[in-house]
Amino acid sequence: MAKNKKNEAGFNASSMADVAFLLLIFFLVATTIDIEKGISVILPPYCEGCEEPNPPSKRNTFFVKINTQDQLLVRGNELDLAQLKDRTKEFILNPTKNKNLSKSPRHALIALQNDRGTSYEMYLAVYNELKAAYSELWEDKARQLFGIAYNDLPRAKKKIIRKEIPLVISESEPTNYQALK
Amino acid sequence: MLTLKRNDKNRFPQVSTASLPDIIFILLFFFMVVTVMRSKPLKLEITKPNIQDPQNAKDRKLMAYIYVGATNKSSKDYKIQIDDAFAKIEDIRPFVDRQKEKLPIELKERFTISLRIDKAVEMGIVEDIKVALRKSKQQRIIYSANPKLEN
């Protein structure tokens, strides 16, 4: 037995490293680590000829319109994109109990409307600002109620906050400036 | 007196390379797992928009892509690409149905359509796609974007 073992040919593994190196280099070159990033959205269900059951009051609605030239119109006034987030937060929270701003965060609604000629970049930037306004409010609320960051909260507690400040962005049918001309 | 003799020959022992293959293999496995082969050639030039703090998408395996862009940078003729061919709005519904068919029921809910759209594309076409997705009962979407680089 012992003699047999001695005679057994050893498997030469020295070239294994080279083979592995070649494979490694192939995969290094082939890999594209592009993580999918973006804004996730849940679209409303489609229903034919559905009308909004009861249109929300003007006071509680934050109208945001984007035109063909990528200009922003917020509640009838022109606004810069940089100011949008703060305006939105002010509207939702309404700390000064202004009669023109939303009654409470629960009543607040954001109505977004764009033109068919609006660029995708602008639309996404506006959408992101609106979402960012909400996530900042959630963050503040989470720190105020539970003392920890919103993202670290368990699901049930997130729900409480989201019920307090619900995210409602309603998108209406886009205008079609091109067709009007 | 204790004298320590220095053996000059063994001053710099050779580094053992015996574990090198193992290290290489570990790296190899890492890259093999991470690699996502792009099987579908992209016919469109797409520059994704940059936004502040985009979220990470969770399940890339439960995702299908719809591309919108032009075939070259200067052109304004925006087209939709699904799989490896140009498509029309009407093709979206069968595409979504086909993708969902493969999935087990409990995962259908989490199936996401990623919209990879060039930033210069006009919203009209995007709006049409959104309506088509809603009609095919596909509500979970992600607007694909790159993070904004701070300068």
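All chains are named by letter (A, B, ...) in the order of the sequence lines, taking the proteins before the strands, and each is independently numbered beginning at 1. Below, all heavy atoms of this structure are taken into account, side chains as well, without hydrogens, waters or symmetry copies.
Summarising the geometry of B:Leu28 relative to A:Leu24, their closest heavy-atom pair is CD1-N, 3.3 Å, with the distance given to 0.1 Å. Counting all heavy atoms, side chain and backbone alike, B:Ile125 lies closest to A:Arg116 at N-NH2, 4.4 Å. When all heavy atoms of A:Leu124 and B:Ser144 are compared, the closest pair comes out as CD2-O, 4.4 Å. B:Arg134 and A:Pro45 get closest at one heavy-atom pair: NH2-O, 3.7 Å. Nearest heavy atom pair, residue B:Pro54 against residue A:Gly38, reads CB-N, 3.7 Å.
Of all residues spanning residues 128-153 of chain A, those with a heavy atom less than 4.5 Å away from chain B's heavy atoms are A:Asn128, A:Lys131, arranged by number.
Around atom CD of B:Glu109, no more than 12 heavy atoms belonging to other residues, nucleotides or ligands sit under 6.0 Å away. Heavy atoms from other residues, nucleotides or ligands lying under 6.0 Å from CZ of A:Arg87 number 12 at most.
Evaluation of the side-chain contact (heavy atoms from CB on, under 4.5 Å) rule for B:Pro21 yields A:Ala17 as partners, not counting sequence neighbours. The side-chain hydrogen bond (donor to acceptor under 3.5 Å, both in side chains) test applied to A:Tyr120 returns no partner, not counting sequence neighbours.
Residue A:Asn114 holds its CG atom at 5.0 Å from CD of B:Glu127, rounded to the nearest 0.5 Å. Rounding to the nearest 0.5 angstrom, the gap separating the CD1 atom in B:Ile51 from the CD1 atom in A:Ile39 is 3.5 Å. From A:Lys37, atom NZ reaches atom CG of B:Asn146 across 9.0 Å, with rounding to the nearest 0.5 Å. Annotation: the span from A:Leu28 atom CG to B:Phe30 atom CZ amounts to 9.5 Å, rounded to 0.5 Å.
At a 4.5 Å heavy-atom cutoff, the contact between B:Tyr65 and chain A is made by side-chain atoms alone. Residue contact with chain B, scored on non-hydrogen atoms closer than 4.5 Å, is absent for A:Asp18. Heavy-atom distances place the side chain of A:Tyr123, and not its backbone, under 4.5 Å from chain B.
The closest side-chain donor-acceptor pair between A:Thr118 and B:Glu122, if any, does not fall under 3.5 angstrom.
Among A:Met122, A:Glu171, A:Glu121, the residue making the largest number of heavy-atom pairs under 4.5 Å with chain B is A:Glu121.
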For residues 66-76 of chain A, which side-chain donor-acceptor pairs fall under 3.5 Å, sequence neighbours excluded?
from    : atom 1 : to       : atom 2 : distance (Å)
A:Asn67 : OD1    : A:Gln69  : N      : 2.9
A:Asn67 : OD1    : A:Asp70  : N      : 3.2
A:Asn67 : OD1    : A:Gln71  : N      : 2.8
A:Asn67 : ND2    : A:Gln71  : OE1    : 3.0
A:Asp70 : OD1    : A:Ser119 : N      : 3.1
A:Asp70 : OD2    : A:Ser119 : OG     : 2.9
A:Arg75 : NE     : A:Thr61  : O      : 3.1
A:Arg75 : NH1    : A:Asn100 : O      : 2.9
A:Arg75 : NH2    : A:Lys58  : O      : 3.1
A:Arg75 : NH2    : A:Arg59  : O      : 2.9
A:Arg75 : NH2    : A:Thr61  : O      : 2.8
A:Arg75 : NH2    : A:Asn100 : O      : 3.4

